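What's counted below: heavy atoms across the whole structure, side chains too, no hydrogens, waters or symmetry copies. Here the structure is a predicted model, which means the values were calculated and not measured. Residue numbering restarts at 1 for every chain, and letters A, B, ... go by the order of the sequence lines.
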There are 2 protein chains.
Amino acid sequence: MMARLTSSSAPVRQSNVRAHNLALALHTVANSADPMSRSAVAATTGLTRATVSALVDELVAGGLLTELDPPPRTGAGRPAVGLTLSATGPAGLGLEINVDYLAACVVDLTGAVRHRFIEHADQRPAGPYAALSALGRLGARARLAAKADGLVVVGATLAVPGLVSTGFVLQAPNLGWQNVDAPALLRGLPELADLPITVDNEANLAALGELRVTGTEPTFLYVSGEIGIGAGLVIDGELYRGARGWSGEIGHVTVFPDGPPCRCGAAGCLEQYAGQEALAEDEPRAAAALGIALSAVVNLLDVPAIVLGGVYATYFDRLREGIEAELRRRVLTSELAPVTLRAARLGTNAAVRGAADTAVQQVRDDPAVWLRRAG
Amino acid sequence: MMARLTSSSAPVRQSNVRAHNLALALHTVANSADPMSRSAVAATTGLTRATVSALVDELVAGGLLTELDPPPRTGAGRPAVGLTLSATGPAGLGLEINVDYLAACVVDLTGAVRHRFIEHADQRPAGPYAALSALGRLGARARLAAKADGLVVVGATLAVPGLVSTGFVLQAPNLGWQNVDAPALLRGLPELADLPITVDNEANLAALGELRVTGTEPTFLYVSGEIGIGAGLVIDGELYRGARGWSGEIGHVTVFPDGPPCRCGAAGCLEQYAGQEALAEDEPRAAAALGIALSAVVNLLDVPAIVLGGVYATYFDRLREGIEAELRRRVLTSELAPVTLRAARLGTNAAVRGAADTAVQQVRDDPAVWLRRAG
């Protein structure tokens with residue numbers, strides 16, 4: 001009953017107000033393309049100048065905002081001092097394991113990639129323990145490089161091609177993994193032992209990476225084409241995870257109910273027609289199958305934009321027409337408003353970049369917690 | 001950039017704090033199965049007793065809460081005075097047009113149905129103007145009956161079997177309607193001229209009706225089986241509408257890409273196999289088609305529960321096995337956690353009841369606005 005009032009689940013107290021307004025001030029500066037004056041922050045937020053100044057002082061002292069000096073006076077007028085997000089201070093560590101590579105990445109508060117390390121090698125023979133140890137060493141190198149820049153890594157996020165639940169990798173079929181406590185294995189390395197480490201599906205994190213880079217498109221489906229096919233659904237700027245975190249399994253949406261068997265036990269799954277191997281064999285059929293599955297998504301969810309990532313981004317120009325033909329035919333509202341189809345802006349590093357950004361997100365969402373810890 | 005902080009889009013000021021806390025107090029009483037004492041409200045919300053008493057006094061004076069007198073003393077102890085939602089005061093008017101009936105319904109703040117009127121007749125020959133005039137007269141009767149009970153109808157919501165956008169019925173193919181400004185036609189009746197009237201898709205409103213009645217299941221897909229098939233997706237107690245309000249078109253999800261043509265222009269849509277007519281002809285095939293389309297929903301969205309409404313509720317026992325067989329086979333995570341499938345609790349009045357409840361929802365969500373108007 002009245003479940004819609006979830007945002008009212010806590011009373012508003014003074015300490016909450018301060019935390020809320022710190023986040024609001026940080027958010028306002030982050031959303032501005034140019035450096036922002038304190039009075040511009042006050043005007044945008046509706047807070048008084050005195051309140052804004054107190055909040056900004058805290059955020060500058062805590063290393064979250066930087067106040068740029070005005071340029072030398074050239075005569076006419078005095079340019080405003082500008083606030084920007086700090087490029088030193090907190091940072092996030094992204095880690096990724098995939099079938100044929102390991103990656104680590106550091107992203108600062110501004111969203112910029114500061115360091116990136118990749119090791120190409122087949123990860124299947126190694127097994128979880130050896131693979132995650134090697135990834136941990138890569139992460140430790142990235143953390144060291146971040147430290148040399150004056151950055152403080154506040155947490156790490158691991159991207160895996162599989163189903164994740166409460167920190168466990170339940171299934172990563174293309175790696176041959178089942179029930180792996182990946183964060184615990186990573187924390188086994190002394191250099192990462194103190195770090196909060198979370199784990200998430202790679203398509204989810206790639207979708208978040210794409211969101212962070214493009215920004216203007218708040219609702220879209222990101223489809224990641226690899227050996228398997230995954231999807232990340234972003235609604236109003238938030239990743240939709242599903243009830244248990246298992247949303248986005250578009251690779252196992254049925255396209256032809258009587259089609260060939262899939263390794264999942266079903267038949268006629270999208271992966272059988274548009275996975276990396278099937279795509280190499282028959283591009284038009286892959287495009288049609290993608291179009292049929294994506295039409296289902298749009299009919300169900302009224303998603304206005306679809307972003308094709310992974311190998312689909314590379315093949316985009318060759319797949320586009322075949323996909324759009326199915327969307328035009330099968331989406332009920334296609335004549336009222338067509339669906340935007342585009343290639344992902346980020347290449348194969350979308351997932352690790354999204355992972356790193358997720359790790360530093362906590363500081364942007366609740367700067368008061370970071371300030372308390374840092375102070 | 002940083003779109004996740006949308007809840008921080010306004011600064012917290014004193015007037016906001018009061019509005020927030022009024023909603024919180026009302027919400028707390030509404031969520032309680034039994035009458036609640038003021039001190040219980042304080043304990044649950046974390047607000048001080050003095051603050052709660054001031055808030056409760058306002059809500060009682062404004063007709064939103066009722067304070068029950070204690071029962072006569074029987075000796076041992078003194079029972080607490082109990083607060084409940086008021087059964088007089090604001091109410092919502094639900095209106096529904098469907099292919100073969102018109103309905104009007106009044107729901108009070110507690111969610112109880114107070115009045116319900118139905119007229120059975122084929123609405124297609126009448127056209128939008130005559131049909132909505134007849135519905136408006138039914139609504140006026142319901143409003144008069146509500147007034148006689150001491151209720152104040154604060155708004156009306158119209159349920160239609162079609163696509164809706166910014167108050168317009170864009171398409172209601174089974175009625176033969178296109179681009180109908182339904183609220184304007186309803187307000188043409190003097191008895192409804194002063195009422196805020198919104199319009200929504202019937203499956204969406206039926207899903208909200210089901211949510212309101214069951215309460216305990218915050219995330220589910222409601223599927224409404226009629227001549228057409230619609231769906232309403234409820235996520236964490238909120239209806240998901242999609243970018244333009246056109247989500248839930250499950251009737252046009254492709255089941256067999258090379259199947260028979262659909263009136264929408266595509267081929268092999270779910271409606272061709274599981275719409276009311278097809279269902280009457282071949283139940284097992286309808287169940288399999290429903291199972292295939294619902295498997296796509298679960299793979300994409302990780303929805304833990306599916307509620308079958310409309311004619312599917314009537315046929316539930318006969319459809320269940322066929323649907324569940326496909327879910328077991330085609331949902332990737334079916335072995336990790338099965339999907340709950342159940343018949344809707346509300347019958348064919350789900351949509352009009354949900355519509356009425358939606359109309360009074362505004363008062364529950366923001367009681368401060370109501371108190372300002374009433375005072």
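For A:Leu163, the part sitting under 4.5 Å from any heavy atom of chain B is the side chain, from C-beta outward, and nothing else. For a residue to count as touching a neighbouring chain, one of its non-hydrogen atoms must lie under 4.5 Å from one of that chain's; by this rule A:Ala267 touches chain B with backbone and side chain alike. For B:Leu270, no part lies near chain A; criterion is any non-hydrogen pair under 4.5 Å. No part of A:Leu221 comes within reach of chain B, as not one of its non-hydrogen atoms sits under 4.5 angstrom from that chain. Contacts of B:Arg328 with chain A are absent, with no heavy-atom separation under 4.5 Å from either backbone or side chain. Residue B:Leu233 touches chain A through its side chain alone, counting heavy-atom pairs closer than 4.5 Å. At a 4.5 Å heavy-atom cutoff, the contact between B:Ile250 and chain A is made by backbone and side-chain atoms alike. Both the backbone and the side chain of B:Ala296 come within contact range of chain A, with heavy atoms under 4.5 Å apart. In this structure, the portion of B:Ile235 lying under 4.5 Å from any heavy atom of chain A is its side chain and not its backbone. Of the two parts of B:Leu301, the backbone and the side chain both hold a non-hydrogen atom closer than 4.5 Å to a non-hydrogen atom of chain A. Contacts between B:Glu326 and chain A at a heavy-atom distance below 4.5 Å are absent for every atom of the residue.
Highest contact tally toward chain A, considering only B:Val253, B:Thr51, B:Asp302, B:Leu332, is held by B:Asp302 [criterion: heavy-atom pairs under 4.5 Å]. Contact count against chain A (heavy-atom pairs under 4.5 Å) is highest for B:Pro257 among B:Gly248, B:Pro257, B:Ser165, B:Ala305. Highest contact tally toward chain B, considering only A:Thr28, A:Thr219, A:Ile292, is held by A:Ile292 [criterion: heavy-atom pairs under 4.5 Å].
Note that CD of A:Gln171 is 8.5 Å distant from OG1 of B:Thr333, once rounded to the nearest 0.5 Å. The CG atom of B:Asn299 sits 7.5 Å away from the SG atom of A:Cys269 when rounded to the nearest 0.5 Å. A distance of 11.5 Å separates CG in B:Leu300 from NE2 in A:His252, rounded to the nearest 0.5 Å.
Taking 4.5 Å as the limit, some side-chain heavy atom of A:Leu336 sits within range of a side-chain heavy atom of B:Trp246. For the pair B:Arg330/A:Cys264, no side-chain contact is recorded, criterion being any heavy-atom separation below 4.5 Å from C-beta on.
In terms of heavy atoms, B:Ala337 sits closest to A:Arg244 at CB-NH1, 3.4 Å.
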Could you go through B:Phe256 and A:Asp258, starting from their C-alpha distance and side-chain angles, then the distance that decides it, and tell me whether this counts as side chain to side chain contact (heavy atoms under 4.5 Å, CB included)? CA-CA 9 Å; B:Phe256 292 94; A:Asp258 305 321; 3.9 Å; yes
